[in-house]
Every structure is written in structure tokens, then in C-alpha cells.
2 protein chains.
Amino acid sequence: MNVKNIRIKDIAQLAGVSVGTVDRVLHNRGRVSEDALKKVLAVLDQIDYKPNLIARTLGANKTYRIAALMPNPDQDPYWASSKSGISQAEAEWLRYGVTVQSYFFNLYEKDSFKEVAEAVTKDRPDGILVAPIFYHETLPFFEQFKQEGIPYVLFNTNIPEVDPLSFIGQNLFQSGKLGAELMHLAQNGESGMLAVLHINEDLGNSVHLAEKEKGFREYFLEKNHSGYNITTHNLYNPNEPTFEKELSALLDQPALKGIFVSTSKATYIVASYLEKLQRNNIKLIGYDMLQENIRYMKKGVINFLINQNPKRQAFLGINHLVGYLILRKEAPANELLPLEIISKENLDSYLSSGIH
Amino acid sequence: MNVKNIRIKDIAQLAGVSVGTVDRVLHNRGRVSEDALKKVLAVLDQIDYKPNLIARTLGANKTYRIAALMPNPDQDPYWASSKSGISQAEAEWLRYGVTVQSYFFNLYEKDSFKEVAEAVTKDRPDGILVAPIFYHETLPFFEQFKQEGIPYVLFNTNIPEVDPLSFIGQNLFQSGKLGAELMHLAQNGESGMLAVLHINEDLGNSVHLAEKEKGFREYFLEKNHSGYNITTHNLYNPNEPTFEKELSALLDQPALKGIFVSTSKATYIVASYLEKLQRNNIKLIGYDMLQENIRYMKKGVINFLINQNPKRQAFLGINHLVGYLILRKEAPANELLPLEIISKENLDSYLSSGIH
DNA sequence: TTGTACGCGTTATCAA
DNA sequence: TTGATAACGCGTACAA
């Protein structure tokens, strides 16, 4: 095997032109005569030229600005995880001239999203990573980004219609099915009442949550487990006095055997009530390895967590953008992360491996 | 924030010396006067110099040869997975002058290991990745590698005494505990007889397997689940006629409710017997997403798999070596991969994400 | 002991 | 339209 790679210099020599001409042909920069073009293309046709990306980044000496558009991490620890993934990717690429500017919008205000998205548009970054949790508000911006030729990557929530460079997330329907499988296991063969619980603080998320619920119900339909009685409960702002009343009413039902919670923050909120009310016979299944969730899992209040890997989602998002910008690498159109099951006994192995 | 990184040139300017001197200080090459040393160190103390690795690799223009020393992938699909991880890493680094030469030894013959390891020693690679499944046979070689200053990384099996650059694997004790937790769940609250089954084809593995068993038993001890009766079964070559007899004898016991199998290949062997004997009330828990295991899981014969991620283990091993050789990056002394739980409902999400 | 100068492969600039 | 050449930052050979 010939290890030595073919250089632009070699192509130039073979074609009988200069490196400058080859470069212009390779990058369609124009200003090349018919004659020279033909000669270079003939050589390129024969050999498989693979640019040395190391040399390219060094030579180009460009700096790239990436904009990360996401909910304010202070409003929800889930988004704090995402943020840390962005920071990690940023640290890794900083020395290669990549900077990431974060733009936070208010999780509960659509107008805040618009405002911030306009700021991004104005700043004209080289690439954009965005968690598009508000469907309608986001669409016009992608139209604009596309027109300006700025590549954008979506994470957490997909909007296939806007044709992003890449989407990173999970299969939500399957996630719900997995939640159901785990619930079924946790029930130890007994039957009874199961609750699907959404705490829908930001309304942008409702499609997200509905998809998980569909999967959850589908599992029991397929299996024909008619012994279970599944109810749905929508709660909103945990700070409202009605919240506690409604949740307590649910938890007080003696027949209730399990709760599937559709978001990560909601998981530890419900866990705290379960603990307070001493309802330790109710199995709880929720999302993500947030610090509070880890605590309740170790105590045995939470039975299973499904890891959505928010940190990794955002990390990969930045990486895909950088790969595309610097290394001209195509990103996968859909990167669906595995649905990781976290239980008491493998929790530590996830914590120490530091990827979560 | 100052985006531009500090270059050697900058340090030289600040210290009032030349780049050559700075370089000699940075790499302890000697031939530097007390005075100059002090000046440079003073500057280095103030600022956080991070070399541009891109420039370094470009300038070095070296080629590195890595040797991968592992069992023959044709003898066991588990090792075929490892091999594919090596190939993937190789493809990724080929253009940067890294080549990987694989050396396969016979899984069942210690002498074969010696032979191949000698070949590696003779070839004097720049780095070595090895799965040291034979303890005694491996030790002298590491002694030699250490003397020659060739860095080596271990995967799959750890031998801390040889002080490798890095070990990549899992916590086997905890892996067994997780197996027990899953078994307990799968039992649906019933009690009965549980079997721990080892198929110990290559004897090098026995410590490995014992560790998993210890964890498995520890779980039930901690939980005080006295309802279970746990037995251990050691089988050897599946091709011997006694094998089928012994295994059938075990499976014929009506009280048997679950089997925990300690290796990946053994998992689908047991699954095939369970299917043939129609013992579908016996819960089966084993290891790894081998093709056959995936098939039996989809059929419902295997209840849970614990993913040891053989592909990723090997992939990371090569990456750590490359990182150390090219980028002078310290590899983690112990990289313990998370214990991934695979069930029917998250199987596809792992398959499609392509990391397994 | 020190500093200068060149090469790595690519991109970008500029004079011809 | 072309080709020669200077960056990019690091490592290193070599001359002083």
C-alpha cells in the first residue's frame, strides 16, 4: 500500500501546471483557461486526491464563529447539561480558531426566542446550532439562514421540513415504548393503574411529549396487557398552588402503581412528592441523569431513567458543524442517539465514564 | 477573550530569546544556559501555552506503526467486533501517517500467543494495543516493551501490574451486579433456582468470569433475597459430546427460572438450547450485541444483554495510542466504559446509532 | 549555547 | 489567466 498521499504539488506536476491552477480547479474558483482545466481534470480523474486536512486548517488560518441558540440553562438543569456539552466542544476547538457564541432564550416566552434569533441573524455566524423548541416561531429564521448559506444543525427537537445539515436527538416514540417496557418490568407482574405525567412548562414541547406517550401506550396495546389502566395527566407551572393539589390528588390514589414522567425536570419534582408522601410502592420512570434525579435513584425513589444524553447531543452538534466547516465533512442527516437505560446498578458506571 | 493562541514565537519575544531556545526548554532538550532557562520559565509560568497540534503533526511528517495484538477474530464473533473497531480507527488515522498491523493469536493456545508476541517485538512498532487474555505468558513481553520504551495499551482484560499507558474495559464486578439486578427484575417477583453459567473455552478468561459471578452473587446477598437458590456451572468446549449432555441436564430442571451467562458467545449457545428445548419460561441474561444474540433477543429468548462494547474498546485503544504518539496527549489510565443495558425496546436504537 | 532558516501541504496574494 | 511565493506554527538541522 502506498502510504504517501498525493499532494497538490504532484497533481500540478502531472498536469504540467502550477499549484495555483490546481487549487483554483479544486475549489471552482474560476479564472482558469479551458485548456488548463482539461489537463487538471484529466489528472484528477485518474487519481484519488484526498486533501491533507491538517495542512488545510493550518494554511487557511481562518476563524469560524458558531452560534448556539438554546433555552436559558438557568431555567432548567436539562438545558444546563446541553450547555456543558457546548462548552466542552468549544474548549476542544478553540485552539483551531473556532469560537462558539451562545444565545439563550426564555424557555417560556416565544417572543424571547424571536428576539434572540434576530440577534443571531444579525451577527452572521459561520454556522448555527439550535434547539428549535418553538415550531412556528423558528420556521422563518431557517428560511433566512438557508438563503444566506449558513449551515444549521438541530438538536433535541427535529423539524425535518427545514432540511438541516444534521439533526441530533432520539426516537421519541421508541423512547416511550422503552419506558413502558421498563414500567412493565418494574411492576413485578402485578397489574393496576399507571399514570403518564407531563409537566408542560414550556408549551413548545407538547409534540415532543405526546410522541413519548404514544409510544408508551403502544407498548401495552401490542402486548395486550389489559390488566393495566393507563391515565394521562397534564400539569403546568410547579409554582402555582394548584400544581401541588392536582399532583397530590393523583398520588393519593391507592390503586396507582407506576408513573411515567415525560421530562427530566418533572422526574425529580414527582420524586420529591413521592418521597414526601411515602408512596414507595409507586414505581417511577423518568428521564436523564440530572443531579437531583441521580440522588433520587440512589435512594430508590426513581426506578429507571432513560438517558437522553443532552450533553452529548449538543457536543455532537457543535462537532458536526466544525467538521463541516473546517474539514468539509458531511454530517449525518439524522443522528439518533441510543436510548440508554439507567438503573441503580449501572448508574455509577455512567457517572464515572463522564460522557453523560 | 483573546482568541489568538500564544505561539512559541510569542514566548520567545516575551522572554527575549529565540524560538529555538524556547523549543529546547519546552522539550527539555538541554543545551540551554541557566539564564535563558530562567527567563523562559518565567514567561511559561505566566501564560498557559498550548501547542498547535495541527502544526506539529504537519511539520513532523512522521509515520507511526501501531501493532494490535489480539485473539483471532475468526474464532469468536466477540473478537470480530474488536477487530472492526481497530479497522475503523485505522481508516480514520491512515491519512495522518498511522498504520495498524494486526497480529492474531489462537484463543485456545498459549504458545500461539508467545509466538505472535515475539513477532511483534521483532517488528518494533511505535505503539502496541493488546488484549492480554493469558496472564502469565504476557508478563515478560511487557517487561521488554517497557525497556524499549514502546507504549502499550490494554483492552478487555486488565493487568494493572504491568503499568500500561491505558486500560480500556469495564468494571466486571459491577457488571455481574447489574446482571443480577436485571435477573431479579425479569423474575417478576417469583423465586426459584438461578444458574450462573460459564463456558470457559479459553482458560485465560477464568478470572474475568469469576469476577462477574462474584458481583452477581453479591447483589442477592446485599438484598437478602433468600428466595433464590443460585448454582454455578462450568462448561468447556461446546463441540465435545459431554457439553450437550451437561447443559441439557441443567435446562431440564423444572425449578430453573433464570440463567446468567458470563460471555457473549456462550449467550447465544445457551439461547439456542433454550429455544430447542422450548424452555421459554427461563429468563436469559448475557453479554454483547453479537448478531446471533440480537436475533435471539428479537425472538424473546434472551431477556437482557449487557453491552461490553468490544468495538468501542478497541477503537478507543488505538485512538489513545495515536493521541499519545502524535498529539502527546496523556491517555486516561483507566477508561471504564458504561455498562449498557440492552433490552428488546432499545435494541434498535443501539443498532442504528452504529457505535456498538 | 544560541539563533536562523527551511520543510510539512494548503490557502491566499500579487505581480506578470 | 497564470505561476511564484509568502504565510500558518512547529520541529529540527545547522551554522555561528
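Hydrogens, waters and symmetry mates play no part in the numbers below; they use all other heavy atoms, side chains included. Chain identifiers are assigned alphabetically (A, B, ...) following the order of the sequence lines, protein sequences preceding nucleic acid strands; residue numbering begins at 1 within each chain.
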Give the nucleotide from the list [options] with an atom nearest to the side chain of [X].
X       : options              : value
B/Pro51 : D/dT2, D/dG3, D/dC10 : D/dC10
B/Arg7  : D/dC10, D/dT2, C/dG3 : D/dC10
A/Ala60 : D/dG3, C/dT11, C/dT2 : C/dT11
A/Leu58 : C/dT2, C/dG9, D/dG3  : C/dG9
A/Thr21 : D/dC10, D/dT2, C/dG3 : D/dT2
B/Asn52 : D/dA4, D/dC10, C/dT1 : D/dC10

What is the distance, rounded to the nearest whole Å, between atom [atom1] of [X] and atom [atom2] of [N]?
X       : N      : atom1 : atom2 : answer
A/Lys50 : C/dG9  : NZ    : P     : 17 Å
A/Lys62 : C/dT10 : NZ    : P     : 17 Å
B/Ile11 : D/dG11 : CD1   : C1'   : 14 Å
A/Arg29 : C/dT11 : CZ    : C1'   : 7 Å
B/Lys38 : C/dT2  : NZ    : C1'   : 18 Å
B/Lys9  : C/dT4  : NZ    : P     : 12 Å
B/Asp23 : D/dC10 : CG    : P     : 10 Å
A/His27 : C/dT11 : NE2   : P     : 4 Å

Under 4.0 Å, counting only non-hydrogen atoms across every strand here, what does [X] touch: a base, just sugar-phosphate, or nothing?
X       : answer
A/Ile8  : sugar-phosphate
B/Val19 : base
A/Ala12 : nothing

Check whether any side-chain N or O of [X] sits under 4.0 Å from OP1 or OP2 of [N], and answer yes or no.
X       : N      : value
B/Ser18 : C/dT4  : no
B/Thr57 : D/dC10 : no
B/Ser33 : C/dT1  : no
A/Tyr49 : C/dT10 : yes
B/Arg31 : C/dT1  : no

Crowding at CZ, B/Arg124 (>12 non-hydrogen neighbours, <6.0 Å):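 Atom CZ in B/Arg124 is not packed in, count stays at 12 or less.
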
Ignoring hydrogens and angles, does a donor from either the side chain of A/Arg24 or the base of D/dG3 sit under 3.5 Å from an acceptor on the other?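 Side chain to base: pair present.
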
Taking [Y]'s backbone N and O only, do any of them form a donor-acceptor pair with [X]'s side chain (distance below 3.5 Å, no angle check)?
X        : Y        : result
A/Tyr324 : A/Gly127 : no
B/Gln313 : B/Gln308 : yes
A/Ser102 : A/Ala68  : no

Distance-only donor-acceptor check, side chains A/Gln144 and A/Glu148, under 3.5 Å: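 The criterion, which ignores hydrogens and geometry beyond distance, is satisfied for A/Glu148 and A/Gln144.
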
With nearest nucleotides of DNA chain C determined for B/Val17 and B/Gly59 from heavy-atom distances, which residue corresponds to the more 5′ nucleotide?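 With B/Val17 and B/Gly59 compared, the 5'-side residue is B/Val17.
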
If you find the nucleotide of DNA chain D closest to B/Ala55 and the one closest to B/Gly20, which residue's nucleotide is nearer the 5' end?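 This one resolves to B/Ala55.
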
Check whether any side-chain heavy atom of B/Ser82 sits under 4.5 Å from a side-chain heavy atom of B/Phe155, and report yes or no.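 B/Ser82 vs B/Phe155: side chains touch.
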
